[in-house]
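Note sheet for the following structure.
Heavy-atom basis, side chains included; hydrogens, waters and symmetry copies ignored. Please read these numbers as outputs of a predicted model, since none were measured by experiment. Numbers for residues simply follow the sequence, beginning at 1.
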Amino acid sequence: MSNNLILDYIRATTNLYGIVPLEKVVDIYNQHNADRIGLDDIEVYLERDLSEYYIYVYFENFVHETIMEFDEFELMMIKKGSKPYYIPKRNELLKYSDMNYYEKPKQYQNLYKYIKNNFFPTEHEKAEMLCVEIRWECIFGPDVGVVFDHFNSTGVNFKDENQVNEVLQMVMELSNNVRLWENNGYTPNELFEKFEKSKLMPLPQDRSFGIGDRPKLRVIQGGTSEKIGRNDSCPCGSGKKYKKCCLGKVEDLR
């Protein structure tokens, strides 16, 4: 048993889950390694200062500094609920001991290639940095206005509304495929496919929904936009007024 390896597991699981109970670190460590550890091997770290790794101890949990800084421990625990944990293989998990590590799914690569080819063909590092900022926003929403503020701040000029909608669609696809603390490391798509999809009733063909029963932002087609009034019939087909149905859900996605 290596103390450095135990610390790596604490760092990796905290970075991946945001909040991780001590016993969960023990469980994951023992799944991956032949030399088994107990809770007492983890408890010694309760007395250590882990702030250099942006980790704090709170109610028998290792907690990422960001959650403590914004006083969101209770809120994050509510969001996590009883969701299962995403546990990658040993080598993949330990990559998360580096706080700057994150996966780059194909949706990230698609967005990066589009931004690079269309906006920064000779400034690939600038394209990468913009994608990093957008990915970070996806973890917390994303807020469409804030996302496009990032484009504006880097001097991006969209050629037309169709291009705006192309980018928006790619951002929403990325947001469904980033690993979230509130999902215990699962992406929204993974959580839906593995645990929620089988519970859903078939949807009418004219409904446009995202993960689970969350409506996607409507993509503007052909250079025109459609604004839905609060008292109009909800476009989801429920028969209710928009303000009584999907209005709040759409705002939650922003």
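- Residues satisfying the salt bridge (Lys or Arg N to Asp or Glu O under 4.0 Å) criterion with Lys24, sequence neighbours excluded, are Asp27.
- For CG of Asp71, the number of neighbouring non-hydrogen atoms (other residues, nucleotides, ligands) closer than 6.0 Å is 12 at most.
- Note on residues 129-139: no pairs pass salt bridge (charged side-chain N to carboxylate O under 4.0 Å, His left out), not counting sequence neighbours.
- Two rings, from His32 and Tyr9, have their centers less than 6.0 Å apart.
- Within 6.0 Å of atom OH in Tyr54, 12 or fewer heavy atoms from other residues, nucleotides or ligands are found, so the atom counts as exposed in its surroundings.
- Atom CD of Glu65 sits about 9.5 Å away from atom CZ of Phe70, to the nearest 0.5 Å.
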(message) If you apply the rule side-chain contact (heavy atoms from CB on, under 4.5 Å), what do you find for Phe120 with Val156, and how did you get there?
(response) CA-CA 9 Å; Phe120 303 110; Val156 168; 3.7 Å; yes
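- Rounded to the nearest 0.5 Å, atoms CG (Asn184) and CD1 (Ile87) are 9.5 Å apart.
- Contact between Leu111 and Cys131 at its shortest, heavy atoms only, is C-SG, 4.1 Å.
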(message) Working note: Leu5 + Tyr29, criterion side-chain contact (heavy atoms from CB on, under 4.5 Å); need CA distance, chi angles, decisive distance, verdict.
(response) CA-CA 9 Å; Leu5 183 59; Tyr29 182 100; 3.6 Å; yes
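- Lys95 pairs by the salt bridge (Lys or Arg N to Asp or Glu O under 4.0 Å) definition with Glu92, not counting sequence neighbours.
- In this structure, the side chain to side chain contact (heavy atoms under 4.5 Å, CB included) partners of Val57, at least two apart in sequence or on a different chain, are Leu46, Phe62.
- Counting only heavy atoms from C-beta outward, the side chains of Thr66 and Glu72 never approach each other to under 4.5 Å.
- Aromatic pair Phe195/Tyr186: centroids less than 6.0 angstrom apart.
- A heavy-atom distance below 4.5 Å is not found between the side chains of Asn3 and Leu7.
- Met76 belongs to a hydrophobic cluster whose other members, connected by ILVMFWY side-chain contacts under 4.5 Å either directly or through intermediates, are Ile19, Tyr56, Tyr58, Phe59, Val63, Ile67, Met68, Phe73, Met77, Trp181.
- In the hydrophobic clustering of ILVMFWY residues, with side-chain heavy atoms under 4.5 Å counting as a link, Trp136 and Met129 come out apart.
- Taking OH of Tyr108 as the reference point, atom CD1 of Ile134 lies at 9.0 Å (rounded to 0.5 Å).
- Atoms CG and CZ, from Leu180 and Phe140 in turn, are 9.5 Å apart once rounded to the nearest 0.5 Å.
- Note that CG of Asn61 and CD1 of Ile55 are 12.5 Å apart. Values are rounded to the nearest 0.5 Å.
- The environment of Glu47 atom CD is sparse: at most 12 non-hydrogen atoms of other residues, nucleotides or ligands sit within 6.0 angstrom.
- Counting Ile, Leu, Val, Met, Phe, Trp and Tyr side chains that sit under 4.5 Å apart, directly or through other members, Val146 stands alone, with no cluster partners.
- Not counting sequence neighbours, the partners of Glu103 by the salt bridge (Lys or Arg N to Asp or Glu O under 4.0 Å) test are Arg179.
- When all heavy atoms of Lys83 and Asn183 are compared, the closest pair comes out as NZ-OD1, 2.8 Å.
- Residues meeting the ring pair (Phe, Tyr, Trp, His ring centres under 6.0 Å) test with His150, sequence neighbours left out: none.
- Counted within 6.0 Å of CG on Asn117, heavy atoms from surrounding residues, nucleotides or ligands total more than 12; the atom is thus considered enclosed.
- For Lys104, the salt bridge (Lys or Arg N to Asp or Glu O under 4.0 Å) partners are Glu128, not counting sequence neighbours.
- Under the rule for a ring pair (Phe, Tyr, Trp, His ring centres under 6.0 Å), the partners of Phe148 that lie at least two apart in sequence or sit in another chain are Phe151, Phe158.
- In this view, Asn110 satisfies the side chain to side chain contact (heavy atoms under 4.5 Å, CB included) rule with no residue, not counting sequence neighbours.
- Between Ile6 and Tyr45, the closest side-chain pair of non-hydrogen atoms falls below 4.5 Å.
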(request) Assess whether side-chain hydrogen bond (donor to acceptor under 3.5 Å, both in side chains) is satisfied between Asn189 and Asn176, documenting all intermediate values. (result) CA-CA 6 Å; Asn189 264 343; Asn176 285 331; 4.9 Å; no
(message) Walk me through whether Tyr86 and Glu190 qualify under side-chain hydrogen bond (donor to acceptor under 3.5 Å, both in side chains).
(response) CA-CA 9 Å; Tyr86 164 73; Glu190 287 175 342; 5.5 Å; no
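- Note on residues 114-123: no pairs pass salt bridge (charged side-chain N to carboxylate O under 4.0 Å, His left out), not counting sequence neighbours.
- Taking each heavy atom of Asp49 and Ser51 in turn, the nearest pair found is OD1-OG, 2.7 Å.
- Counting only heavy atoms from C-beta outward, the side chains of Phe119 and Gln163 approach each other to under 4.5 Å.
- Taking all atoms of both residues into account, the shortest heavy-atom contact from Leu16 to Pro88 is CD2-CD, 4.0 Å.
- Here the CG atom belonging to Asp143 is positioned 8.0 Å from the CG atom belonging to Asp149, to the nearest 0.5 angstrom.
- The two residues Ser175 and Pro188 have their closest heavy-atom pair at O-CG, 3.7 Å.
- Residue Asn15 comes nearest to Asp98 through the heavy atom pair ND2-C, 4.0 Å, listed as atom of the first residue, atom of the second, then distance.
- Met99 and Ile28 are not part of a single hydrophobic cluster, where members link through side-chain heavy atoms under 4.5 Å apart.
- You'll find the side chain of Met170 reaches within 4.5 Å of the side chain of Tyr114, heavy atoms only.
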